[in-house]
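The structure appears below as structure tokens.
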Amino acid sequence: MHEMKRTATCGELDAAAAGTQVTLNGWVARIRDHGGITFLDLRDRYGLTQVVFDVSGEAQDALAAAVGGLKLEYCVAVQGTVRRRPPDMVNPELATGAIEVAGEQLVVLSTCATLPFMVSDQAGAHTEAREELRLKHRYLDLRSATMQRNLALRHHAAQAMREALNSCRFLEIETPTLMRSTPEGARDFVVPSRLNPGSFYALPQSPQILKQLLMLSGCDRYYQLARCYRDEDARGDRQPEFTQLDFEMTFVDQDDVLEVLEAAFAAAFRDGIGHELPLPFPRIPFHDAMNRYGSDRPDLRFELELRDFTELARAGDFGIFKKAAERGDTVKALRAPGLAGYSRRQVEELEEHAKTYGAAGLAWMKCGADGLESGVSRFYQAQQAEIYRALDAEPGDLLLLVAAPWRTACTALGAVRTELARREGLAAAGVFKPCFVTDFPLFAWNEEEQRWDAEHHMFSNPQAQYLDSLEQDPAAVRGELYDAVINGVELASGSIRIHDPALQRRVFAILGVSEEEAAQRFGFMLDAFRYGPPPHGGAAIGFDRTVMLMAGEATIRDVIAFPKNTWAASPMDNSPARLDTHQLAELHLQVRPTADS
RNA sequence: GGGGGCGUGGCGAAGGUGGUUAUCGCGCCGGCCUGUCAAGCCGGAGGCCGCGGGUUCAAGUCCCGUCGCUCCCGCCA
């Protein structure tokens, strides 16, 4: 170790330490040079301590020179005496603000080049530099108080979730990251095999099948902080590699799994940010969530519930809506309390928003003191009283309406709902409203390919009351499927699985998966399920998103140490990168030029 | 695949309708200063305005193309 090894961190000294000799190691966060006296803010993971160098005396020339040469982000060691600050110079913003260290010796452990951007030292704030630059020099970005906090928060959340599951008899078991491509929704990341020319591993999109096999193996309860890989376009809350707290349980029903989810989230929020989530989480069936909030991941921090307007539209004179209702489409209404003052421009912006979610348009009217005004109100003069009653409308409200097939109408107006909340500041920070969304449909009709897809995945159990009518009316079948949602963010998803091979065959048949295809793609699993598979179910928690939510960040990249950008690349190490011809040859690969190169 | 936003010294921003020394804050370099904590004050260096082409007497500004970043739709069971 270097000379001047630390005896204290930069975050632990307080008035009780006054008078003691200490050595601190850390980085120069700030220098305030007043001539004869210089203040140095020394930073490490634990905090910030002010060091004072009084170099006015002639005998201090050597120290003065050393202090004068300091630059931001030099790594240094300081030895000195802790002393109380004079009362009027205490800094209440700082954990160590009651004291300062009178610096007596300074050793520069290493120097620092001119910074590409300032390391942010303000809690909750990121550096001003654009994200691309932050990612290129991620090691510097991670020095900031905010990123340090995020990494620590992530650690504590992980430990809390582990403990919560440990105390429920779960075993942490690892599964391979090199495995075969399995039938899941996303594109696979693929790894060529050197020993098996032309063959490839796939990186897991989730350990789904393997954890089910662990249940068959009698492990009873399994969990894993599993890295998952999906080759799809990124988003603020989504990047190609991410972490799930994946778990699975034997001999349980849906309520048992939901309880574990509640325990895991409660522990993470408690240990991570000291927040007590209210238990149990409210449960909202999928259809209710869509009808009331226009989303299968409702943000419950604000009301703004959607209402059905279909029958009113059928009886009204607005031709477009009338025809929609008669055609079997749904008309949804959103009452925006007190927003009748919205300008035409503002409503048009909301309409544009609705259109991106598939709405043909956004109709509107205003609730005046003497009845409905503006927009499409002239078509509904005869029904004013009925409309006020049905929507609980009051003078001063703005009414927004969408007509479309049920799901589109709900989704589009639901998007308007969250956009309104954003504009009006209704979604408060620091408030967490969890819920479970349950009773998802098992199958979704794929219009393009004219067939049924699995809404969740093809191993999810249909609810018992649909077992006799599976084939007759797939659209009506609800599964033992559930999501956990907090503040409009989907944080977990799971299901009770099919453990009866005969039922599994029926589901495959509905999905159009032939026996041969099933055998070829995941025969090992079907084979395994011949050997006494137990009833089981589980879920997976989107761990990055959970931490993002707790940290109050807008993107999961801010809670991942070394994330990828939206083009799945890392500006720091320039990955992905080309392989040299030798490596390619060894892997039996040949790179074909792209059409445009 | 589609749509929106952004790209100006190391960083963040300002630069109506085109007009000649491209502005400000931070950082950097030099100087002054004994109580700051976003220290202050004085001075200085540093920019082919993402790139390519076009219009024009004249382009950071207008047009076309292109690249990069970012947000959203699609996609992501």
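Labels below follow one simple rule: chain letters A, B, ... track the order of the sequence lines, proteins then strands, and each chain is numbered from 1. The structure presented is a predicted model; accordingly, all values stated were derived computationally and were not measured.
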Sequence-aligned protein contact record of nucleotides 29-39 of chain B, with B where the base is within under 4.0 Å of a protein heavy atom and S where only the sugar-phosphate is: S---BBBBBSB
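- In this model, a side-chain donor or acceptor of A/S206 finds a partner on the base of B/rA77 within 3.5 Å.
- Considering only residues two or more places apart in sequence or on other chains, A/A403 meets the side-chain contact (heavy atoms from CB on, under 4.5 Å) condition with A/F321, A/A324, A/V331.
- Listed by chain and residue number, nothing satisfies the ring-ring contact (aromatic ring centres under 6.0 Å, His included) test with A/F189 (two or more places apart in sequence, or in another chain).
- For A/R187, counting side-chain heavy atoms from C-beta on, the closest listed nucleotide (B/rC75, B/rC28, B/rC71) is B/rC75.
- The gap from the C1' atom of B/rG40 to that of B/rG25 amounts to 15 Å, rounded to the nearest Å.
- A/E471 meets the salt bridge (Lys or Arg N to Asp or Glu O under 4.0 Å) test with A/R506; sequence neighbours excluded.
- Under the side-chain contact (heavy atoms from CB on, under 4.5 Å) criterion, A/A360 pairs with no residue, sequence neighbours left out.
- For A/R422, the side-chain contact (heavy atoms from CB on, under 4.5 Å) partners two or more places apart in sequence, or in a different chain, are A/E419.
- Applying the side-chain contact (heavy atoms from CB on, under 4.5 Å) rule to A/T243 yields the partners A/R154, A/L225, A/R227, A/F543, A/D544; only residues at least two apart in sequence or on another chain are considered.
- No contact: A/R134 has no heavy atom under 4.0 Å from any strand.
- For the side chain to side chain donor-acceptor pair (under 3.5 Å) test, residues two or more places apart in sequence or in another chain that qualify with A/E73 are A/R43, A/R143.
- Checked against a 6.0 Å centroid threshold, the rings of A/F436 and A/Y482 do not count as neighbours.
- Evaluation of the salt bridge (Lys or Arg N to Asp or Glu O under 4.0 Å) rule for A/R417 yields no partner, not counting sequence neighbours.
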Check nucleotides 9-11 of chain B for protein N or O atoms closer than 3.5 Å to its own N or O atoms and list the pairs.
residue : atom : partner : partner atom : Å
B/rG10  : O2'  : A/P116  : O            : 3.1
B/rC11  : O4'  : A/P116  : O            : 3.2

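- Of the residues in residues 230-240 of chain A, A/R230, A/E232, A/D233, A/R235, A/G236, A/R238 come within less than 4.0 Å of RNA chain B through at least one heavy atom, sorted by number.
- Listed by chain and residue number, A/R32 satisfy the side chain to side chain donor-acceptor pair (under 3.5 Å) test with A/D41 (two or more places apart in sequence, or in another chain).
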